[in-house]
There are 2 protein chains.
Amino acid sequence: MASVTEENYLKALFILVTERGMATISDLSKLLKVSLPTANSMIKNLKKQELVNYEKYKPLSLTEKGRREAALVLRKHRLTEMFLVNEMGFGWEEVHEIAEQIEHINSPIFFDRMDKLMGHPTIDPHGSPIPDKDGHIAEEVYEQLSNCRTGEKVRLIALAHSASDFLRYLNNRDLSLGVEMRIVSIEAYDGSMVVSYDNHPAETLTHPVCEKLRVEKVD
Amino acid sequence: MASVTEENYLKALFILVTERGMATISDLSKLLKVSLPTANSMIKNLKKQELVNYEKYKPLSLTEKGRREAALVLRKHRLTEMFLVNEMGFGWEEVHEIAEQIEHINSPIFFDRMDKLMGHPTIDPHGSPIPDKDGHIAEEVYEQLSNCRTGEKVRLIALAHSASDFLRYLNNRDLSLGVEMRIVSIEAYDGSMVVSYDNHPAETLTHPVCEKLRVEKVD
DNA sequence: TAATTTTGTTAGAATAATCTAACTCCATAC
DNA sequence: GTATGGAGTTAGATTATTCTAACAAAATTA
Ligand SMILES: [Mn+2]
Ligand SMILES: [Mn+2]
Ligand SMILES: [Mn+2]
Ligand SMILES: [Mn+2]
């Protein structure tokens with residue numbers, strides 16, 4: 001079975017490939033905060049275990065076996081985050097660090113129980129899909145708020161990033177998943193948007209923020 | 001901060017000293033299933049960190065610092081076991097293996113939340129005391145069922161050992177903490193006891209079992 | 001194209017945790 | 001009191017994960 005370190009590499013690779021379509025050794029080394037030679041040697045190790053496809057100087061990908069293992073770690077991570085929020089009362093900005101550790105617990109009954117207690121959730125507190133027990137994961141087909149137009153009404157359904165400082169920024173504006181907002185105006189110069197929702201008649205969101213908000217159209 | 005391995009050694013040492021009054025390197029090596037040289041070299045490491053007192057060929061003890069660290073790991077272990085039983089619906093025979101892993105999670109807020117959700121429990125599902133946040137632990141002053149006499153009525157309040165096969169044995173006889181039983185008779189030959197409780201008018205318990213049941217007198 | 005920067009690789013070393021083999025110390029049984 | 005067996009120690013090796021230094025390949029910029 002994969003070690004904690006190996007699990008972290010597999011999960012990182014899975015996320016990189018999902019988000020950017022590909023991954024390199026230097027992507028991995030930055031994400032995991034290890035040196036390039038460290039990532040390089042771990043990749044050789046994972047290749048030997050037939051978990052990643054790798055040829056010198058070529059981009060990386062997961063084998064089917066590796067993809068499945070990675071998805072199951074991601075499942076444990078996201079189930080845990082949802083459990084911490086729904087069953088233990090944590091805020092969505094508090095759960096990532098804890099889940100980063102609990103995702104490595106080896107106990108099928110523990111995660112099955114979480115899953116059952118919550119009624120088999122399909123998304124985590126940040127709107128990301130939870131892979132199923134076979135390692136299958138729903139595709140994220142959401143639109144970015146930054147691609148919407150003035151006058152449209154949209155519902156916030158997921159976040160593209162979930163660093164706690166960003167989550168606290170959203171907390172400060174009462175923005176949470178499910179909030180429906182109308183796009184009041186878009187500043188042509190820098191792409192910032194003014195949106196209205198609930199008790200916030202005119203909240204200005206910068207372009208980088210709007211890119212991180214995943215929405216679906218309402219009406 | 002102590003590694004997972006170091007935490008396991010400290011906790012093992014704490015338990016050995018609590019149960020038997022002392023600990024040796026070979027006790028540790030047996031309990032942790034490592035070779036003697038492995039335990040020996042880890043003890044040197046812990047001594048260097050001033051977590052254990054150790055002189056060549058002498059028995060081991062924890063320093064105040066080491067005792068505190070060990071108690072805090074034990075706190076995480078027992079809080080987790082209680083959480084798994086009370087909040088997640090696990091049986092007392094299922095929780096040890098999971099807690100053995102979760103006890104190494106580094107997240108004060110996580111364990112504080114558990115503690116708060118359960119209303120600050122003082123014992124774990126097996127009746128063992130939960131150390132407080134300062135690492136203080138209540139003494140276990142319970143009597144063994146095997147030391148009680150015919151006719152006495154006692155309440156089961158703790159277990160001296162909690163291996164899952166033993167716990168399943170108790171489950172099969174509807175024995176759980178809080179059950180009040182009367183000692184019907186004691187077999188002089190082998191010390192086995194016949195006890196009656198609830199819907200069990202005459203359950204025979206062998207001496208080794210009776211030694212593992214901690215009780216308090218009722219009436 | 002040539003120069004420069006970024007990325008990737010290899011070599012070599014360190015640390016933590018483990019092992020086996022060989023030896024020594026010590027309690028106690030004769 | 002010595003012999004012996006268990007406990008403890010040392011030496012030396014292994015595996016996993018990490019690093020820095022030096023160099024090579026690829027990509028980008030000029
Ligand atoms: Mn992790
Ligand atoms: Mn998440
Ligand atoms: Mn443990
Ligand atoms: Mn317990």
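From a predicted model like this one, the values you see are computed outputs, not experimental measurements. Here is how names work: the chains are called A, B, and so on, in the same order as the sequence lines, proteins then strands, and each is numbered from 1.
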Find the distance [X]:[atom1] to [N]:[atom2] and express it as a whole number of Å.
X	N	atom1	atom2	value
Glu55(A)	dT9(C)	CD	P	10 Å
Lys30(B)	dG6(D)	NZ	P	10 Å
Asn40(A)	dA24(D)	CG	P	16 Å
Leu31(A)	dT7(C)	CG	C1'	17 Å
Glu7(B)	dA16(C)	CD	P	16 Å
Ile25(A)	dG8(C)	CD1	P	6 Å
Lys47(A)	dG8(C)	NZ	P	16 Å
Tyr57(B)	dC25(C)	OH	P	5 Å

With a cut-off of less than 4.0 Å, is there a side-chain N or O of [X] near OP1 or OP2 of [N]?
X	N	value
Lys56(A)	dT10(C)	yes
Tyr54(A)	dT9(C)	yes
Lys44(B)	dT9(D)	no

Polar pairs (N or O, both sides) under 3.5 Å between protein and nucleotides 15-19 of chain D?
from	atom 1	to	atom 2	distance (Å)
dT17(D)	OP1	Ser3(A)	OG	2.6
dT18(D)	OP2	Tyr9(A)	OH	3.4
dC19(D)	OP2	Ser35(A)	N	2.9
dC19(D)	OP2	Ser35(A)	OG	3.1
dC19(D)	OP2	Thr38(A)	OG1	2.5

Exercise for the section: Any pair with a residue in residues 11-20 of chain B that passes side-chain hydrogen bond (donor to acceptor under 3.5 Å, both in side chains), sequence neighbours left out, goes on the list, sorted by first then second residue, please. Expected result: Lys11(B)-Glu100(B), Lys11(B)-Glu103(B), Arg20(B)-Asp27(B)
Problem - Lys44(B) to Tyr54(B), cation-pi by 6.0 Å centre distance and 45° axis angle - result: no
Handout entry: Geometric cation-pi criterion, Arg173(B) with Tyr169(B): 6.0 Å, 45°
Key = yes
Tell me whether [X] is salt-bridged to [Y], with the criterion being a basic N under 4.0 Å from an acidic carboxylate O.
X	Y	answer
Asp115(B)	Lys133(B)	no
Glu81(A)	Arg78(A)	no
Arg149(A)	Glu152(A)	yes

Practice task
Answer yes if the ring centres of His161(B) and His126(B) are under 6.0 angstrom apart, and no otherwise.
Solution key: no
